[in-house]
Undergrad: 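Structure provided below as structure tokens; questions to follow.
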Amino acid sequence: MNHLIKRFYEDLSSGNRAGAEEVALQIKALEVPEVLVESLHFVMGTLIQGDQCRDSYPPPNSYYNKKIARGVNEKAPVTRIETCPLVSIIIVSYNSSQNLRELLPSIKSQTYTEYEIILVENGSEDNESLLAEAVDNYVYIQVGDNVGYAEGNNIGASRSRGEYLLLLNPDTRLGEDAIKEMLRGISHESSHALAACPKIYFYREFIRVWIKNSPGDCRLDLEAAVNKLEYRKIFIRNGTSSPCGRYVWPDEQNCICIDFPSPEERESISLEILPLESDDKATGNQITGKAEVYIGDNLEAKGLIEIGRQFEITRTSQVKSMSRRIINNAGSGMDKMGMAFDRGFSDEDRPEYSTLTHVDAFCGCCVLIHRLAWVARQLFCPYFFAYFEDTELSYWMKLHHYQILYCPTSIVYHRHSETTQESSPNWAYLVGRSRTLYQWMTGSIVDTSYAQELINKQLSDKASPHLIEKIQSLYPTDGLAGLKRSQKRETITVAVYNSYWTTMGGGEKHALDIASRISEWEGHEVYLLSEHPFDIKKLAQYFAIDLGKCISLQLNEINSLTTGFFDIFINSTYCSLLLPRALRNYYIVSFPTRTMPEELIAAYTFLHNSNFTHEWATRYWGTHSATVVYPVLGCEVETTQAMKKQKVIASVGRFNFHGHCKNQHLIIKAYNLAKQRGGLGSEWKLIVAGSVDNSILSSVNHYEECQKLIEDETVVLIPNADRNTILRLYSNAFAYVHGTGLGIDVEANPELCEHFGISVFDALANNCIPFVHNSGGAKDILSQASRGMLYNNIDELIMCFATLDSLYEQQALERHGSSLTKSIEMAQQAVKDNRALFRKVISQTDPSTQSISV
């Protein structure tokens, strides 16, 4: 049997799906329990799924595949991107359909594909059809009235599910690796970054044009020069522009130098020199003169411009070869006054802009933000409306000692404000107003009255009356005093923290049940938190727990400051000494450490998983705020158990010699001895299921030891069985055996006994007869259930096995008797009481010590 299972995993790991299916059929032909065959098919379906994102997932995590390459060392460290966290792309549009037609295809072509798009439409256009054509996973929000860029992003974040939020202007286009490279940067082990920003180029390549020896009494018609270009961003390098921005005069050396967008097909740059004293091109003035035109920095002559005549530059191979990118933003700096500026703005690319580095601020045009920022506050203060909202959030991150990472390998192209938009009355009003708000919020302006006076001065008859009215309607009734309060969100945020989600043990299931239960409460937002990569979808699938309303968060470091961002912090990490700062703090205790700092005892309300755990915590720590919450919150107990039980003995638990070992190797030894002594019929089977952590040597060694003890086909091991497989095993099994505590001195090493025994509870709820070691929390479950047997050593466990034949015959006669339903009724009531108690404890600030009966 087990050699076939080994072949199954080896074929599956090597990609030989047909071979794995053939072996599965051979196993089925041996008339093994159906639950084993179902388990193999489930594993096959899980491991052969396609990658969720390009070059992201490692090879299948098969035990046999790992075993070949395994030495003393644990598995190689993985980067965060391998777990493919969901990225929520938030786009705030204002009638941006034309830009979206270029942006959305660039998102669809990303090499990183685990994303959702949330489009917030502030204008009157209906752009949902554009979104639906581009992607499947999207949320469309039609605001109906312009609430501004800042609040638009807040609305988008409130509807998002991603671990990361990518804020993206609609007038951008992404390089194909843009998202992947920002994720790779922000997930780097040493970055400690809360945000990552790309290298942002201007939308088009640019060509440099020199006009030399220009007559001093003439000017270049700039409006005519860009009139035939679709993209009209220009940079004047030499020369002086007129106040209206239409004309450019030569400098003292009679030279004009301008970077123009490189013309595309059917476009051209039209250069025309006009007389100084007239705007009318048809005045008949006969000023004569010529100017030389050069393209690029090599000053290669292209021709001459005569006064009053146009010189056309079109897209030729030479023009194309001389075109190059100009930087819009390479991350942002911040001066001594806290004012942000674009690094590299208008510069050509240089080595200093190609280095991964921390920067002081980010540009809101495109930034990847870890969701922790949204947990702590609204992304942006809504009263900025537009401009400086990104600077204020950058300032807040630096204030809380979080880094902003510049990722030069992530490329984005941005249209930016064009010459017709920049410095307009609306632009001047918005920028001036937001600058003052920012200076007041960050303390550069202390006097509130003075700040309000400055804001009022920004009002201009030239700015749009509708815009001014709209912004004033968003302003808090109590003026500036209400701005800082606007950052706090109304949602109750809850963190359930565990450093070891991937071990997928009973403690992890208990914590996930808690998270799932709270996520169903109205007004609560639940996060699973860890320093190490984990896959929330795999956890949900493995334990069959609904985590659809929970969001995963992984940070390279989790400290007291991190906990303070949440309203409720629940620590489920064994032996953690993390001092919390949330409004309410709870600590799930599987078993207490012998010493606990007094400041931690005072900071937490402890949620013990059993009376056994609570008693030892009191011995170790003295009196402390505590409640016993049994790990049965997620149990769904069936009202009837009509399925005929098979002659199967089940044992469920993780494989690991360390900690409170489940002793599956001792259970197999006792089973073998019972068979040898004739106390157990040959038709009985022992099925041992549990998780094997391939990264932990002790776990792999324990599994291998169990393999060595198998003497015949009646003993079957199911490594890494999912929750549904385990539940089917309980339903089929007549008996359940639990080995934790065997050979342990309870007074000397109570931590090595069973702390609660969720598998014992599950077995009772499924009408199995449990055999449990006479120690720890599992003993209490059995005593209240009045069902099953306690044993003290292997000899007594062998005697328990010897009773199975008579018990099986007896239960066949009493299948509908009250004695068989008592354990189910007990389990149902315990789950109901436990849920009510848990809700009460989490809802109050200082619960008194409480407990319930199992």
Undergrad: Taking atom types as modelled and ignoring hydrogens, do the side chains of Ser323 and Glu205 form a donor-acceptor contact shorter than 3.5 angstrom?
TA: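 Their side chains do not contain a donor-acceptor pair, so the 3.5 Å distance test is not met.
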Undergrad: With a 6.0 Å cut-off (strictly less than), is the heavy-atom count around CD of Gln98, excluding the residue itself, greater than 12?
TA: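 No, because the 6.0 Å sphere around CD of Gln98 holds 12 heavy atoms or fewer from other groups.
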Undergrad: Regarding Arg219 and the six-membered ring of Tyr247, is the cationic atom NZ or CZ under 6.0 Å from the ring centre and inside 45° of its axis?
TA: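 Judged by the rule, Arg219 and Tyr247 form a cation-pi pair.
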Undergrad: Indicate whether any N or O donor in one side chain lies under 3.5 Å from an N or O acceptor in the other, for Arg371 and Ser160.
TA: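 Yes - a donor-acceptor pair under 3.5 Å links their side chains.
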Undergrad: Is the shortest side-chain N to carboxylate O distance from Asp349 to Arg325 below 4.0 Å?
TA: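 Looking at Arg325 together with Asp349, the answer is no, because their closest N to O distance does not fall below 4.0 Å.
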Undergrad: Ring centres of His414 and Tyr201 under 6.0 Å apart?
TA: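 No, they do not, as the ring centres are separated by 6.0 Å or more.
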Undergrad: Would you say the side-chain atoms of Tyr94 and Glu121 include a donor-acceptor pair closer than 3.5 Å?
TA: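 No - no donor-acceptor pair under 3.5 Å links their side chains.
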Undergrad: Could you work out, with salt bridge (charged side-chain N to carboxylate O under 4.0 Å, His left out) as the rule, every residue matching Arg350, not counting sequence neighbours?
TA: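 Checked Arg350 against salt bridge (charged side-chain N to carboxylate O under 4.0 Å, His left out); matches are Asp347, Glu352.
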Undergrad: Using a distance-only test with no angle check, is there a side-chain donor-acceptor pair under 3.5 angstrom linking Thr111 and Glu176?
TA: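 Side chains of Thr111 and Glu176: no pair found under 3.5 Å.
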Undergrad: Using side-chain heavy atoms (C-beta onward) and a distance below 4.5 Å, is Leu379 in contact with Leu167?
TA: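 Yes - at least one pair of side-chain heavy atoms lies under 4.5 Å apart.
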Undergrad: May I ask you to check whether Asn329 and Ser332 show a side-chain donor-acceptor distance below 3.5 Å?
TA: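 Short answer, yes.
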Undergrad: Considering non-hydrogen atoms only, spot the tightest contact between Ile256 and Val248 and give its length.
TA: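 Smallest interatomic distance, heavy atoms only, reads CD1-O, 3.7 Å.
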Undergrad: OH/Tyr140 to CG/Leu131 distance, rounded to the nearest 0.5 angstrom?
TA: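 Separation between the atoms: 8.5 Å.
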Undergrad: Taking C-beta and beyond as the side chain, do Glu163 and Glu114 meet within less than 4.5 Å on heavy atoms?
TA: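 Side-chain contact under 4.5 Å: no.
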Undergrad: Taking the cut-offs as 6.0 angstrom to the six-membered ring centre and 45 degrees off its axis, would you call Arg173 and Tyr203 a cation-pi pair?
TA: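 Verdict for Tyr203: a cation-pi partner in Arg173.
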Undergrad: Counting C-beta onward and ignoring hydrogens, is there a side-chain heavy-atom pair between Thr409 and Leu356 closer than 4.5 Å?
TA: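 Heavy-atom side-chain distance check fails, nothing below 4.5 Å.
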Undergrad: Within a radius of less than 6.0 Å around OH of Tyr450, do more than 12 heavy atoms belonging to other residues, nucleotides or ligands occur?
TA: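 Open.
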Undergrad: Could you check if a side-chain atom of Met339 sits within less than 4.5 angstrom of a side-chain atom of Gln439, using non-hydrogen atoms only?
TA: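 Yes, close enough: below the 4.5 Å cut-off.
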Undergrad: Indicate yes or no: does Arg415 engage Glu102 in a salt bridge with an N to O separation below 4.0 Å.
TA: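 Looking at Arg415 and Glu102, the cut-off is met.
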Undergrad: Are any of the side-chain nitrogens in Asp360 or Arg343 under 4.0 Å away from the carboxylate oxygens of its partner?
TA: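 Not counted as a salt bridge, because no side-chain N and carboxylate O are separated by less than 4.0 Å.
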Undergrad: Determine, for Tyr387 and Arg435, whether the Lys NZ or Arg CZ falls below 6.0 Å from the six-membered ring centre while staying within 45 degrees of the axis.
TA: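 No, Arg435 does not sit over the ring of Tyr387.
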Undergrad: Is it the case that the side chains of Ser88 and Glu116 hold a donor-acceptor pair, with the cut-off being a distance below 3.5 Å and no angle test?
TA: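 Yes, Ser88 and Glu116 have a side-chain donor paired with an acceptor closer than 3.5 Å.
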Undergrad: Indicate yes or no: at least one non-hydrogen side-chain atom of Ile141 is less than 4.5 angstrom from one of Leu119.
TA: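 Ile141 does not reach Leu119 side chain to side chain.
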Undergrad: Hey, are the side chains of Leu166 and Ile90 touching, using non-hydrogen atoms and a 4.5 Å cut-off?
TA: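 The answer is no; the side chains never approach within 4.5 Å.
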Undergrad: With a 4.0 Å cut-off, would you call Arg324 and Glu348 a salt bridge?
TA: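 Here Arg324 pairs with Glu348 in a salt bridge, since their nearest N and O are under 4.0 Å apart.
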Undergrad: Between the side chains of Tyr294 and Glu292, is a donor N or O closer than 3.5 angstrom to an acceptor N or O?
TA: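 Checked: Tyr294/Glu292 side chains pair up, N/O donor to acceptor below 3.5 Å.
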Undergrad: Decide, yes or no, whether a salt bridge links Glu133 with Lys108 under the criterion of side-chain N to carboxylate O below 4.0 Å.
TA: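 Answer for the salt bridge query: no.
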Undergrad: Let me know which of Phe345, Tyr413, Phe260 forms a ring-ring contact (aromatic ring centres under 6.0 Å, His included) with Phe202.
TA: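 Per the ring-ring contact (aromatic ring centres under 6.0 Å, His included) rule, the option paired with Phe202 is Phe345, out of Phe345, Tyr413, Phe260.
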Undergrad: Under a 4.5 Å cut-off applied to non-hydrogen side-chain atoms, are His416 and Asn328 in contact?
TA: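 In contact.
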